[in-house]
Number of protein chains: 2
Amino acid sequence: MVRRDLKARAAEEADLFRSYLSSQNLKMTRERRTVLEEIFDTTDHFGADELHLRFVSKKISMSRATVYRALDHLVKSGLVRRVYLDKKKAFYEHVYGRVHHEHMICLSCSKVIEFADDPLERRQDKVCRDLGFKPLRHSLRIVGLCRDCQ
Amino acid sequence: MVRRDLKARAAEEADLFRSYLSSQNLKMTRERRTVLEEIFDTTDHFGADELHLRFVSKKISMSRATVYRALDHLVKSGLVRRVYLDKKKAFYEHVYGRVHHEHMICLSCSKVIEFADDPLERRQDKVCRDLGFKPLRHSLRIVGLCRDCQ
DNA sequence: CTGACTGCAAAATGTTTGCAGATTC
DNA sequence: GAATCTGCAAACATTTTGCAGTCAG
């Protein structure tokens with residue numbers, strides 16, 4: 001039952017990606033499908049290189065360049081979000097089927113805490129409306145000390 | 001009169017920086033003072049490299065490495081904020097004496113709009129409080145389309 | 001069959017680092 | 001005087017790119 005649902009959702013997401021791609025005159029290739037499958041049930045933050053290494057260790061042949069290119073398309077399609085958790089590199093997270101959330105980052109232990117808050121989102125929308133700005137995506141990063149590290 | 005105020009504020013800020021530095025067993029050098037002076041009356045977002053070039057063109061001798069190192073200290077001292085406006089590089093902005101603000105970035109014309117909203121800030125504080133997280137700094141990036149580009 | 005894609009390796013970019021000599025406190 | 005700085009150039013890490021051959025629609 002659960003298994004069937006997962007499959008259905010995966011297919012649904014692949015369809016979304018495919019229609020984004022074709023809207024841009026791009027193609028659904030084996031590699032792009034593989035990337036999407038690989039991140040499908042992840043909820044963590046990963047670097048592009050890290051994802052590439054996962055393929056290497058699974059003996060799935062895919063170049064680093066292709067991983068970068070696929071991630072760019074996934075971000076543009078809205079299925080993946082690029083987040084800036086530290087200044088060294090970009091991180092990615094799978095967003096499809098998940099509730100939108102923001103990040104708190106602990107300066108001391110580097111833990112990343114995800115949270116969601118409706119009133120906060122509504123207030124952002126209001127501010128945008130007042131300024132005539134049409135928001136497409138956003139992210140809030142709060143840096144500080146988590147409960148355990150204070 | 002205005003000029004005097006500016007001077008007074010600059011001196012005040014230099015003092016803050018100096019006390020941060022000495023609290024970390026660091027020294028107030030000519031270079032660090034020069035960087036602070038250079039950004040003192042700026043309100044824009046600049047890259048480290050860009051700042052270095054400004055020194056080059058003013059015939060002020062300072063290496064790129066020193067600029068990077070000075071900016072790191074200024075960020076840690078709280079006088080400067082590092083913001084992630086695009087994925088290519090880090091930007092910096094002078095915050096001392098300015099009201100805290102967030103950024104909207106237009107996907108189409110790349111314009112950066114700054115805005116501030118109290119209720120938004122208060123809500124963030126509440127969320128942090130509820131989660132036992134002690135916020136030290138934060139930044140909200142809203143990407144979308146500005147009024148002119150819609 | 002055409003245009004888009006991939007892998008590769010090289011290049012580009014932004015940032016950091018080790019070291020020798022200079023400077024601050 | 002001791003510890004911290006600076007400049008330099010080299011090293012680094014991440015990301016992008018040009019090109020020749022491959023593949024999707």
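Below, chain A is the first sequence line, B the second, and so on; all start at residue 1. Note that this is a predicted model, so its numbers are computed, not measured.
- Taking the side chain to side chain contact (heavy atoms under 4.5 Å, CB included) definition, one finds that A:R137 meets it with B:L107, B:V143, sequence neighbours left out.
- The pair B:D125-B:R122 does not meet the salt-bridge criterion, since no charged nitrogen lies less than 4.0 angstrom from a carboxylate oxygen.
- Going from atom CD of B:E31 over to atom C1' of D:dC8 covers 14 Å, rounded to whole Å.
- Ion pairing between a basic and an acidic side chain is recognised when a charged N comes within 4.0 Å of a carboxylate O; A:D49 and A:K89 show no such pairing.
- Following rounding to the nearest Å, B:Q24 (CD) and D:dC5 (C1') show an atom-to-atom distance of 16 Å.
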Which atom pairs, one a donor and one an acceptor, fall under 3.5 Å between side chains of residues 34-43 of chain A and the rest of the protein, sequence neighbours left out?
| residue | atom | partner | partner atom | Å |
| --- | --- | --- | --- | --- |
| A:T34 | OG1 | A:R30 | O | 2.7 |
| A:E38 | OE1 | A:K58 | NZ | 3.0 |
| A:T42 | OG1 | A:I39 | O | 2.8 |

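- B:R69 meets the salt bridge (charged side-chain N to carboxylate O under 4.0 Å, His left out) test with no other residue; sequence neighbours excluded.
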Taking protein heavy atoms under 4.0 Å as touching, what does nucleotides 11-16 of chain C look like 5' to 3' if B marks base contact, S marks sugar-phosphate-only contact and - marks none? ---SBB

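- For the ring-ring contact (aromatic ring centres under 6.0 Å, His included) condition, no pair includes a residue of residues 58-78 of chain A, sequence neighbours left out.
- Sequence neighbours left out, not one pair with a member in residues 14-38 of chain A passes ring-ring contact (aromatic ring centres under 6.0 Å, His included).
- Legend: residues meeting salt bridge (charged side-chain N to carboxylate O under 4.0 Å, His left out) with A:D44, ordered by chain and number and at least two apart, are absent.
- Spacing between atom CZ of A:R69 and atom P of D:dT16 amounts to 10 Å, rounded to whole angstrom units.
- Taking for each of B:N25 and B:V67 the nucleotide of DNA chain D with the nearest heavy atom, the 5'-most of the two is the partner of B:N25.
- In this structure, A:Y20 places its OH atom 14 Å from C1' of C:dA4, rounding to the nearest Å.
- Between A:S63 and the phosphate of C:dT6, there is no side-chain N or O to OP1/OP2 separation shorter than 4.0 Å.
- Put simply, A:R32 has a side-chain N or O that comes within less than 4.0 Å of OP1 or OP2 on C:dT6.
- Residue pairs meeting the salt bridge (charged side-chain N to carboxylate O under 4.0 Å, His left out) criterion with at least one member in residues 141-150 of chain A, sequence neighbours excluded: A:K111-A:D148.
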Name the pairs: protein N/O against N/O of nucleotides 22-25 of chain D, kept only if under 3.5 Å.
| residue | atom | partner | partner atom | Å |
| --- | --- | --- | --- | --- |
| D:dA24 | N3 | A:K27 | NZ | 3.2 |

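- Regarding B:M62, its CE atom lies at a distance of 15 Å from the C1' atom of C:dA22, rounded to whole Å.
- In this structure, B:L71 atom CG and D:dC5 atom P are separated by 15 Å, rounded to whole Å.
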Given Watson-Crick or G-U pairs with both distances under 3.5 Å, what dot-bracket string fits DNA chain D, with | for other-strand pairs and [ ] for crossing? |||||||||||||||||||||||||

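- Pairs of residues two or more places apart, or lying in two chains, that qualify as ring-ring contact (aromatic ring centres under 6.0 Å, His included) and include a residue from residues 105-150 of chain B are B:H100-B:H138.
- Applying the salt bridge (charged side-chain N to carboxylate O under 4.0 Å, His left out) test to A:K126 and every residue at least two apart in sequence or in another chain returns A:D130.
- Nucleic acid contact for B:S22: none, since no nucleic acid atom lies under 4.0 Å from a heavy atom of the residue.
- Remark: C1' of D:dT14 and CZ of A:F46 are 16 Å apart, rounded to the nearest angstrom.
- If you take CG of B:D86 and C1' of D:dT14, they are 14 Å apart, rounded to a whole angstrom.
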